[in-house]
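To start, the structure itself, in structure tokens.
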Amino acid sequence: MPEKHYRVGIIGCGGMARAHANAYRDLPQTRLVAGADISEAALQRFGEEYEVTALYTDYHEMLGKETLDIVDVCTWPRLHPEPTIAVAEAGVKGIICEKPMALSLAEADAMIAAADKSGTKLAIGHQLRCWGRVTRAREIIAAGEIGEPYHFHGICDGGDLLSNATHTVDLLRLLANDAPIEWVIGQIDAGRKNQRYAHYVEDFAIGYWQHRGGARGFIEVGTYSSKGYHHIYVDGTEGRLELGAPGGPGLRVRGKGEGAWRVPEFQDGNPSTNAAQELVRAIEENREHISSGRQGRATHELLLAIFESASQRGIVHLPLRAQDFVLERMIERGEIL
């Protein structure tokens with residue numbers, strides 16, 4: 001068994017930090033040694049649960065006193081950029097920042113730039129990219145079992161684009177081989193002006209886009225969406241693949257000449273643990289994480305483009321010019337009644 005040699009710290013020790021902490025506890029190469037949170041009560045609970053004694057109410061103090069190889073940022077989205085940049089500037093080897101990586105593209109770009117400058121491997125918490133069923137689905141598509149994929153449809157029942165469907169949209173991009181997106185059109189219902197994690201969220205949204213090469217994607221999320229959570233259809237010229245069918249198997253496929261669905265074998269594993277393991281490998285192999293900062297930015301750009309399309313009432317071509325948090329601008333300018 002490999003020696004545990006990657007020292008890990010976590011910033012933001014609330015509920016989401018548990019998934020990250022459990023992942024590092026599962027890996028023999030990593031050891032969770034420090035935590036930071038503005039809440040002393042949260043720190044105390046976290047420290048007791050994970051036997052961590054190096055606890056700080058100021059993450060800057062943690063970075064100054066602890067020798068850390070990996071730091072996870074598990075704060076609320078509006079608070080992701082500042083600590084991520086500070087961690088990169090501290091020279092750690094790797095960062096996993098929770099999704100969405102930021103609220104605006106300008107902030108996402110600053111995070112990526114800081115990681116590039118320090119040589120830090122920046123990953124975003126779209127851990128479902130590391131789920132066994134998703135890996136198997138990608139293999140099936142790459143092998144041509146459903147022909148040439150031309151339409152990707154994602155369903156996220158409940159939630160909102162930034163909190164929940166960011167995973168669904170990120171999976172749609174991944175299954176389309178992360179092909180660049182040319183244009184987006186979308187519509188939202190945000191009349192209640194709700195907030196979640198201290199930022200505005202919509203109640204319902206739909207988005208439609210085209211990838212380079214012609215494949216199309218579609219997302220529906222929120223109050224009026226179809227049933228299913230990260231439920232995805234991929235239509236190909238010779239068949240169909242389905243992930244996460246409500247009440248069905250995690251993955252099924254109907255290829256050329258197959259009259260019925262078949263269920264391929266796959267091992268899911270824990271996606272958070274898989275994502276942490278992928279970070280260790282990315283560090284050791286000096287490559288980008290499968291859920292790199294650039295991939296996180298591309299997914300975030302698509303989400304913001306759906307909002308921008310709703311604001312402009314028309315198609316938005318990428319790259320997106322808007323550098324702000326579009327939904328917040330729409331609500332504060334009175335565009336949403």
Side-chain angles (χ1 to χ4, degrees), residues 11-12 14-16 38-39 73-86 97-114 124-126 154 156-170 173 181 183-209 217-225 293-294 296-337:
I11 299 174
M16 187 56 66
I38 59 173
S39 168
V73 178
C74 301
T75 58
W76 285 3
R78 192 180 293 277
L79 303 176
H80 286 168
E82 185 177 315
T84 299
I85 291 169
C97 174
E98 257 302 322
K99 53 76 191 168
M101 66 187 296
L103 295 184
S104 72
L105 285 185
E107 292 169 323
D109 287 338
M111 294 162 70
I112 293 169
I124 306 304
H126 288 127
C156 187
D157 178 20
D160 58 86
L161 282 169
L162 297 192
S163 308
N164 309 90
T166 181
H167 281 300
T168 320
V169 169
D170 191 66
R173 290 188 53 254
I181 293 168
W183 55 258
V184 182
I185 189 165
Q187 184 56 278
I188 65 170
D189 174 14
R192 293 191 293 177
K193 302 178 178 62
N194 283 334
Q195 291 196 21
R196 190 176 184 187
Y197 306 125
H199 64 77
Y200 287 112
V201 296
E202 82 290 348
D203 304 307
F204 177 65
I206 55 173
Y208 186 57
W209 61 88
F218 180 76
I219 181 66
E220 51 179 296
V221 53
T223 309
Y224 297 100
S225 68
R294 286 177 174 78
R297 184 200 187 279
T299 291
H300 197 54
E301 181 180 33
L302 174 50
L303 302 179
L304 294 180
I306 293 172
F307 293 138
E308 186 69 9
S309 173
S311 175
Q312 295 187 15
R313 297 174 175 81
I315 286 178
V316 171
H317 293 272
L318 299 192
L320 184 64
R321 293 183 179 179
Q323 294 291 300
D324 60 343
F325 179 30
V326 183
L327 180 59
E328 184 172 73
R329 181 226 305 158
M330 292 172 69
I331 290 175
E332 294 187 348
R333 288 186 180 178
E335 293 181 27
I336 296 175
L337 301 179

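Shown here for Phe204 and Ser225, the closest heavy-atom pair between the two residues is CE1-N, 3.5 Å. For Leu162 against Lys99, the heavy-atom pair with the smallest separation is O-CD, 4.3 Å. For Leu318 against Ile181, the heavy-atom pair with the smallest separation is CB-O, 3.5 Å. Scanning all heavy atoms of the two residues, the minimum distance from Pro100 to Pro77 falls at CD-CG, 3.8 Å. Pro83 approaches Val73 most closely through the heavy-atom pair CG-CG1, 4.0 Å. Closest non-hydrogen pair, Leu327 versus Ala190, comes out as CD1-CB, 4.2 Å.
Using a 4.5 Å heavy-atom threshold, the side chains of Ile306 and Val184 count as touching. No side-chain heavy atom of Lys193 sits less than 4.5 Å from a side-chain heavy atom of Glu332. Between Asp157 and Glu220, every side-chain heavy-atom pair lies at or beyond the 4.5 Å cut-off. Annotation: side chain of Val201 is not in contact with side chain of Gln195 (no heavy-atom distance under 4.5 Å). Under the 4.5 Å side-chain criterion, counting only non-hydrogen atoms from C-beta, Phe325 is in contact with Leu304. Between Val169 and Leu303, the closest side-chain pair of non-hydrogen atoms falls below 4.5 Å.
For the atom pair CD (Glu98) and SG (Cys74), the distance works out to 5.5 Å, reported to the nearest 0.5 Å. For the atom pair CD1 of Ile331 and CZ of Phe307, the computed distance is 8.5 Å after rounding to the nearest 0.5 Å. One distance of note links CZ of Phe218 with CD1 of Ile206; it measures 5.0 Å at 0.5 Å rounding. Atom NE2 in His167 sits 9.0 Å away from atom SG in Cys156 (nearest 0.5 Å). Atom CD1 of Ile219 is separated from atom OH of Tyr208 by 14.0 Å, given to the nearest 0.5 angstrom. Atom NE2 of residue His80 and atom CE of residue Met111 lie 7.5 Å apart, to the nearest 0.5 angstrom.
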Steps toward side chain to side chain contact (heavy atoms under 4.5 Å, CB included) verdict (Tyr200, Asn194): CA-CA 6 Å; Tyr200 287 112; Asn194 283 334; over 6 Å; no

Set out, in order, the CA-CA distance, both residues' side-chain angles and the distance that settles side chain to side chain contact (heavy atoms under 4.5 Å, CB included) for Arg329 and Glu308, then state yes or no. CA-CA 10 Å; Arg329 181 226 305 158; Glu308 186 69 9; 3.1 Å; yes

Using the side chain to side chain contact (heavy atoms under 4.5 Å, CB included) rule, take Ile112 and Arg297 through it: C-alpha gap first, then chi angles, then the decisive distance, then the call. CA-CA 9 Å; Ile112 293 169; Arg297 184 200 187 279; 3.9 Å; yes

Before you tell me yes or no, could you show the steps for Ile185 and Val316 under side chain to side chain contact (heavy atoms under 4.5 Å, CB included), namely the whole-Å CA-CA distance, both residues' side-chain angles and the distance that decides it to 0.1 Å? CA-CA 6 Å; Ile185 189 165; Val316 171; over 6 Å; no

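Here Glu202 does not pair with Arg196 in a salt bridge; the nearest charged N to carboxylate O distance is not below 4.0 Å. Salt-bridge formation is not detected for the pair Arg173/Glu301: no Lys NZ or Arg NE/NH1/NH2 atom is positioned less than 4.0 Å from an Asp or Glu carboxylate oxygen.
Of the N and O atoms on the side chains of His126 and Thr166, at least one donor lies less than 3.5 Å from an acceptor on the other residue. Checking Ser104 against Glu107 by side-chain atom types alone, a donor-acceptor pair falls below 3.5 Å.
The only option from Ile11, Thr84, Thr75 that meets the side-chain contact (heavy atoms from CB on, under 4.5 Å) definition with Cys97 turns out to be Thr84.
With hydrogens and angles disregarded, a donor-acceptor distance shorter than 3.5 Å links the side chain of His300 to the backbone of Leu103.
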